[in-house]
Amino acid sequence: MTDLRRYLHHQLYVGAEPDGHLTWMNRLLVAVIVLAVVTAVLTTEPSLGARWHRDLVVAEFVFGAIFTLEYAARIWAAAEQPGPASAWRKRWRFIASPLGLIDLVVIVSTLMPLITADVAVLRMVRLLRVIAVMKFGRFSQALREIGAAIGERTDDLLVTLALAALLLLFGATALFIAEGTVQPEAFGSIPRALWWSVNTFTTVGYGDVVPVTAWGKVCASLVALSGIAFVAMPTGIIAAAFSEAMQRRRDQKIEDMREHLARLDEIDEAVEHKIAALERASGKRKPGRP
């Protein structure tokens with residue numbers, strides 16, 4: 001039983017093999033989560049027949065049984081977590097952890113159809129389990145690199161956000177002055193105009209609400225053109241940060257390879273010295289050596 005518990009601990013808590021790939025249990029878990037989310041989405045479609053809805057509900061309970069077994073296995077294997085605490089204290093620590101609470105919510109959301117059918121939003125919590133699995137192996141390294149790249153450009157992104165906010169406020173104020181009396185429903189206050197400004201700035205558009213005065217059209221055009229530039233700026237900043245992060249990763253790999261080759265040279269030299277010492281001790285010499 002101890003060996004089985006250690007095996008489950010490696011599969012569920014270590015989560016990755018030495019080569020960085022996810023363990024087979026975590027890969028299976030990701031597949032089950034994706035299928036469960038797709039099933040929950042399909043259950044909200046009223047055009048599906050009664051038979052399909054019945055089959056989807058059955059699938060929901062199958063997925064719930066899998067999640068329940070995984071939850072129980074995690075609780076049991078939590079005793080193998082490193083640390084001086086007792087087995088039950090380690091298990092309780094997992095139950096009260098964010099990951100344990102997410103698992104519990106996932107199981108409860110599966111049983112909710114017994115009470116109410118309108119729990120599709122609650123079932124979307126399962127997607128958080130995918131994020132939890134991504135902390136293992138190569139996913140963890142990728143997430144750290146993404147976080148580091150964005151963190152290095154925090155000041156640039158904040159400046160861009162501040163400039164965008166100022167532009168939105170000025171645009172909303174200008175539209176309020178130009179269109180407030182003409183279209184009070186859409187531009188009768190700065191907050192109303194600000195909503196239009198946000199939609200225009202992000203190039204989404206407000207639908208049938210458009211300026212009708214000449215000054216309003218000029219301000220709207222400036223806001224729309226500025227939105228194109230300001231939407232592209234954060235993209236360029238983050239792309240440059242990713243490029244630098246990838247270049248550092250390549251440089252680090254090259255440096256690691258050089259260090260590895262240097263260690264191999266040292267090992268070869270040490271082996272040569274040991275062979276020479278053994279030859280001297282045995283009174284032998286290599287051919288061609290004096």
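All heavy atoms count here, side chains included; hydrogens, waters and symmetry mates do not. Here the structure is a predicted model, which is why all the values come from computation and not from measurement.
Leu264 has its side chain within reach of His260: a pair of non-hydrogen atoms, C-beta onward, lies under 4.5 Å apart. At least one side-chain heavy atom of Pro211 sits under 4.5 Å from a side-chain heavy atom of Trp196. No side-chain heavy atom of Asp3 sits less than 4.5 Å from a side-chain heavy atom of Tyr7. Using a 4.5 Å cut-off on side-chain heavy atoms (C-beta onward), Val223 and Leu167 make no contact. With contacts defined as side-chain heavy-atom distances shorter than 4.5 Å, the pair Gln183/Val212 qualifies. The side-chain heavy atoms of Thr173 and Ile177, taken from C-beta on, include a pair separated by under 4.5 Å. The shortest side-chain heavy-atom distance between Arg258 and Ile254 falls under the 4.5 Å cut-off. Side-chain contact between Val62 and Phe67 is absent, with no heavy-atom pair separated by less than 4.5 Å.
Gly216 and Glu179 make their closest contact through CA-OE2, 3.6 Å (heavy atoms, listed as atom of the first residue, atom of the second, distance). Between Phe187 and Phe176 the shortest heavy-atom distance is O-CD1, 3.3 Å. The minimum heavy-atom distance between Phe94 and Ala78, with the atom names listed, is CB-CB, 4.1 Å. Between Ile238 and Leu157, the closest heavy-atom pair is CG1-CD2, 4.2 Å.
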Show me the donor-acceptor pairs, under 3.5 Å and distance only, between side chains in residues 80-89 and residues at least two apart or in other chains.
from: Glu80; atom 1: OE2; to: Arg5; atom 2: NE; distance (Å): 2.8
from: Glu80; atom 1: OE2; to: Arg5; atom 2: NH2; distance (Å): 3.1
from: Gln81; atom 1: OE1; to: His9; atom 2: NE2; distance (Å): 2.6
from: Ser86; atom 1: OG; to: Arg89; atom 2: N; distance (Å): 3.3

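Annotation for Phe170: atom CZ does not count as buried by contact number, only 12 or fewer foreign heavy atoms lying within 6.0 Å.
With hydrogens and angles ignored, the 3.5 Å screen pairs a side-chain donor or acceptor of Ser226 with a backbone N or O of Leu222. One N or O on the side chain of Arg192 and one on the backbone of Pro184 form a donor-acceptor pair closer than 3.5 Å. A side-chain donor-acceptor contact under 3.5 Å links Arg91 to the backbone of Ile75. A donor-acceptor pair under 3.5 Å is absent between the side-chain atoms of Ser197 and the main chain of Leu194, judged by distance alone.
Hydrophobic clustering of Ile, Leu, Val, Met, Phe, Trp and Tyr side chains at less than 4.5 Å, counting indirect connections, unites Ile66 with Leu104.
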